[in-house]
Amino acid sequence: MKARAIQYVVLVGVAAVFLGPLYWLISTTVKQPTEIYQWPPSWWPDHFTWENFKLAWEAAPFDRFFLNSTITTVLGTLLKVTNAVLTAYAFAYLRFPFKKVLFFGVLGAMMVPGHVTLLPNYLTVATLGWINTYAGLIIPGIGSAFATFLMRQHFLTLPTEVTDAAAVDGAGHLRTLWRVVLPMSRPMLVTVVVITAVEEWNNFVWPLIVTNSASMRTLPIGLLILKTEEGVASWGTIMAGTLMMLAPMLVIFLIAQRYIVGGLTQGALKG
Amino acid sequence: MTMRRRMFLGLAAGTTLAGCGYRSVDAEYSQPPGAVPAKYGNRVRVVFWTSYGGANGKAVDKLVAKFNDSQQDVYVEVQFQGSYDDVAQKVAAALVAKQAPDLAILSDVTWERFFLNDALEPLNSYFTDGFGPAVFQQKLFGEYVVKGQSWAVPFARSTPILYYNKDAFAKAGLPDRAPRTWSELRSWGPELSKVQSGGRSLRTLALAKVDGDWQFQGNVWQFGGAYSKGLDVTIDQDGAVAAGEWQRQMVHVDKLAYMAHSPSTDFANGLVAMMQESTGGLKSMTSKAKFPVGAGFIPSEVASGLATGGGGIGMMRNISTERKQAAATFLTFLALPENSAFWTTQTGYLPVVNAARENPDLKKLIAEQPNFGVAIAQLTNARQQDAIRLYGRNANVAIYTGLQQIYADNTAVKKVFGSVAKRLEAIGDEVKRLYEEKVL
Amino acid sequence: MTALDLPVRTHPDERVLAGDADNHRRRRRRREYGLFALLVAPNLIVIAVFAYWPIIYNAFLSLTDWNMIAARPTFVGLANYTRTLSDPAFHKTLWITIVFTGLIVVGSLVIGLALAFLFNLPLKGRGAVRTMAFAPHVLSGAAVATIWAFMFDPGYGLLRALIEPLGAEPPDWMNSSDWALPGLVIVYLWKNVGFAALIYLAGLQGLPKDLDEAAAIDGANTWTRFWAIKLPLLAPITFFLLITTVIGTFQAFDVIAVMTGGGPGDATTTLSWSIYNEGFKAFNAGRAATLSIIMFVILLVVTTVQARVMERRVHYR
């Protein structure tokens, strides 16, 4: 029983390590400025205040940023996941010359470092006339490599009888995908959706470059505005802005987390 | 070689075909898109890229709104683009993409690269009685003049000033003024160390981790050295090394100074007694510090002298005549004394327009808070920085990463500055041809 | 395209068919090809335009000297490559990148596996803790860096409050050349270790029980069973994590940008950061492109080698 007690101590320790920073973030947002910098630090806010959120919200048009982040995340995720599903289906079930080479080509995209693409993609987007538009924000990001990989790995695990039977039925490929394959892939689909949404939501450098006006900008840029306050960094406001940005993804993650476990696992197990 | 060249040409052709050609100096480029409110729809639009967020950003917005309401022909759209570096990057990328903002905030170390490569519009032909050499503060205006031609105008210009914590000084029994020399500052350290703050003894001086080379430019002069003479690097010579050595001893021998991620934040929260920081942060420091803030001249040592810095406004060359005229109208508006004074009262930046000093609001502010007059009075000691920091691309980064090594690792100053000098020389070589052609 | 060009894979049932069924089959195949092309086209086009075109563009720029504002680049051949590869600063950058990546990869795998074992024990609340451990993975790097920068602050940071009472002098973290890199590693591990743990956990739960039980009956102790049975069986998972972590860490940028800016000095200047520094701060487009291409090639080689090694091990086991 002694071993079990130690195991519980370790478990609690692990929880503290991962929750600690988040607790610190949240408690800082409701502290008054003087309390944030006091020494020794106060572990529990003396006086709760919403002031930091108010200041953060007023520092930049966060309502508009929220809207834009939501639009780009929803549309971007939709298009990217669609890409992933269609590509994965094709690679898993259809024949094509040099399929393997093509697949490596898709995976290779993962190895292209993000900021290497900034300048060329800015030029491309400018040529297309997409600067400061949703298209410019979204389209360059909808090519899918990792999500395609995960989906394909998953499709390969599905029993072939299912798809074969569907083919005998005369169901077209698209119907098979929609009626048979996708319903059997819910955990993986949720995983891919969440991973993609997180990526889109957190995207920072590209939106700053491709947009010009506040009306097109997204949340991470709001955070940047909070930080470029001349001189003194107001950690309370910055943390409030950070929390506003993180909260939606945390909530989505908590809702979807039991699927994600299953989904990611499959990609790895069959990797 | 021919094979390689052929491949290169092929690729070059490819990139050009895909719309990634290069800038031609006199082409007219389109305006970066944005959002124009319907009521301003039929005016000439001017796109102004800035680097001011937070309170300073709000002050820019107010000035622009005032301009837009003051006349019928021009609409200025402010587009915040991040830091000074971010603005420079984005202007460069836009030019390659054949777009050009009309006006952009360019920092003390970024406008030169646009000037050297013919991306800026010369401004002399736009000067009028209300907008020109007679209007602006001579020194600040002169920094953008090369061979008699103006390439930008001063806007958010600053010098460092010495901020000190009046409470801490009182507790330590020190006089209520900034130390006059670095030696005096050092001699005050032991007294300040007796003051407790944040669970440890108060430290004397915070040294900036990033961009500290701007303050250090002045320090080098104060110790009798220079970063460079022209583009000839001298940072590894006596005066500069002495300045570095003084700071090294403050950090590692006396343990009075330290490297801070954000000196302002530490100072505002009473962790350190003094720092050298831009006058442009005075307004927010005054409102955020929990103690009375003192401000004074940057100390001297064997000499006095300090670096000007901050942002000016450049007009892009690749835009239409109509847009240039409209942009000049806005620059003229900013040069009105009351607007220059407004900017100073809202931020702490220097009044770049001479007549702004007579503005009643600014006078009242300085009477009530003498701190706002410090940088103005100190301006007589200020001068333009050494050429290598101004014209050498990323010379500032090379210098401040060197300083980081001294602050963090106690590396011998001579050794650090020796290798910094090598990097600076390489950086200087890159711009040498253009510098000699356009500046000398 | 004739049938001869086609890949070898044919369905067994097709082989018995002959004669005019051939025509039918060819038509069906063509239809399948068409559908394939249709399904993958949008994705491949976007990837080609927004991932591979930039690489080609960079390959081109890497042969030039260009400050991004000058009217056009100057062709310099392979000068950027020879200069970069012989530059001691580049060697140091490469070394820092390797140490940084190595620490994070090893740390993620070891700690991830340990956590997976912990979460696999019949403990109350383990599900909740598992969720907590994974949660940082969905947070933005810039935001995570902001939180940790606040905690690492030598003046008022949480870590000072935790370490000082123990009687130790807390390190200066991001302001010290010795601690900045370990500090960054801590942040990345905090963000990523939950991901590794989750995947290892699923692997553990998927292991066949009989083998382990048989070994236990034979008297093999826990360690032997771990080394001889569990770890080899988890090899495919380790491989998956290895590749994804190496790729992710090599490209790590946001946390470094927010927390250290490559400093102090060059203590945390990784390849990824120096690409940014050369390209976007110094405007040396040619040199930044050279570094980009070098990095792309390194990643390509490393992952290919890993894949080869893994393939062999899986085959001969």
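First the proteins, then the strands, lettered A, B, ... as listed; each starts at 1. The figures here come from the full heavy-atom set of this structure, side chains too, leaving out hydrogens, waters and symmetry mates.
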Q: Which residues, numbered in order, of residues 283-295 of chain C come under 4.5 angstrom of chain B by heavy-atom distance?
A: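 Result: C:Phe283, C:Asn284, C:Arg287.
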Q: Considering only heavy atoms, which portion of B:Val210 lies under 4.5 Å from any heavy atom of chain C: side chain, backbone, both, or neither?
A: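 Contact with chain C: none, neither part.
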Q: With heavy-atom distances below 4.5 Å as the criterion, would you say the side chains of C:Phe280 and B:Asp85 are in contact?
A: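 Counting from C-beta outward, C:Phe280 and B:Asp85 never come under 4.5 Å.
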Q: Relative to chain B, which of C:Asp266, C:Asp178, C:Asn67 shows the most heavy atom pairs under 4.5 Å?
A: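 Highest number of pairs under 4.5 Å: C:Asn67.
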Q: Indicate yes or no: at least one non-hydrogen side-chain atom of C:Trp66 is less than 4.5 angstrom from one of B:Val96.
A: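 Heavy-atom side-chain distance check passes, below 4.5 Å.
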Q: If I measure from the heavy atoms of chain C, does B:Tyr400 come under 4.5 Å with its side chain, its backbone, both, or neither?
A: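 Interface part for B:Tyr400: side chain.
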Q: So for C:Asp172, is it side chain, backbone, both, or neither that comes closer than 4.5 Å to the heavy atoms of chain B?
A: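 Contact with chain B involves no heavy atom of C:Asp172 at all.
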Q: Tabulate, in ascending numerical order, the residues of residues 251-264 of chain C having at least one heavy atom closer than 4.5 Å to a heavy atom of chain B, or enter 'none'.
A: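 So the qualifying residues are C:Val258, C:Met259, C:Thr260, C:Gly263, C:Pro264.
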Q: Against chain B, label C:Glu278 side chain, backbone, both or neither, depending on which of its atoms sit under 4.5 Å from a heavy atom there.
A: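 Answer is neither: C:Glu278 stays 4.5 Å or more from chain B.
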Q: Quick one: what part of B:Arg200 sits under 4.5 Å from any heavy atom of chain C, side chain, backbone, both or neither?
A: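 Both the backbone and the side chain of B:Arg200 come within 4.5 Å of chain C.
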Q: Counting only heavy atoms not in B:Lys432, do more than 12 sit closer than 6.0 Å to its NZ atom?
A: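 Check fails, neighbour count at 12 or below.
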Q: If I measure from the heavy atoms of chain C, does B:Asp118 come under 4.5 Å with its side chain, its backbone, both, or neither?
A: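 Neither the backbone nor the side chain of B:Asp118 comes within 4.5 Å of chain C.
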Q: Which bit of B:Ala88 comes within less than 4.5 Å of chain C, counting heavy atoms only: side chain, backbone, both or neither?
A: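 It is both, since atoms from each part get that close.
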Q: If you tally heavy-atom pairs under 4.5 Å against chain B, which of C:Asp65, C:Asn277, C:Asp153 wins?
A: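 Highest number of pairs under 4.5 Å: C:Asn277.
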Q: Minimum heavy-atom separation for B:Ala408 and C:Asn175, please, with both atom names.
A: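 So the minimum-distance heavy-atom pair works out to CB-O, 3.4 Å.
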Q: Grab the two heavy atoms, one from C:Gly265 and one from B:Gln405, that are nearest each other, plus how far apart they are.
A: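 Smallest heavy-atom distance, with atoms named: CA-CG, 3.6 Å.
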Q: Would you find a donor on one side and an acceptor on the other, under 3.5 Å apart, between the side chain of C:Lys281 and the backbone of B:Gln89?
A: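 Between the backbone of B:Gln89 and the side chain of C:Lys281 there is no qualifying donor-acceptor contact (under 3.5 Å).
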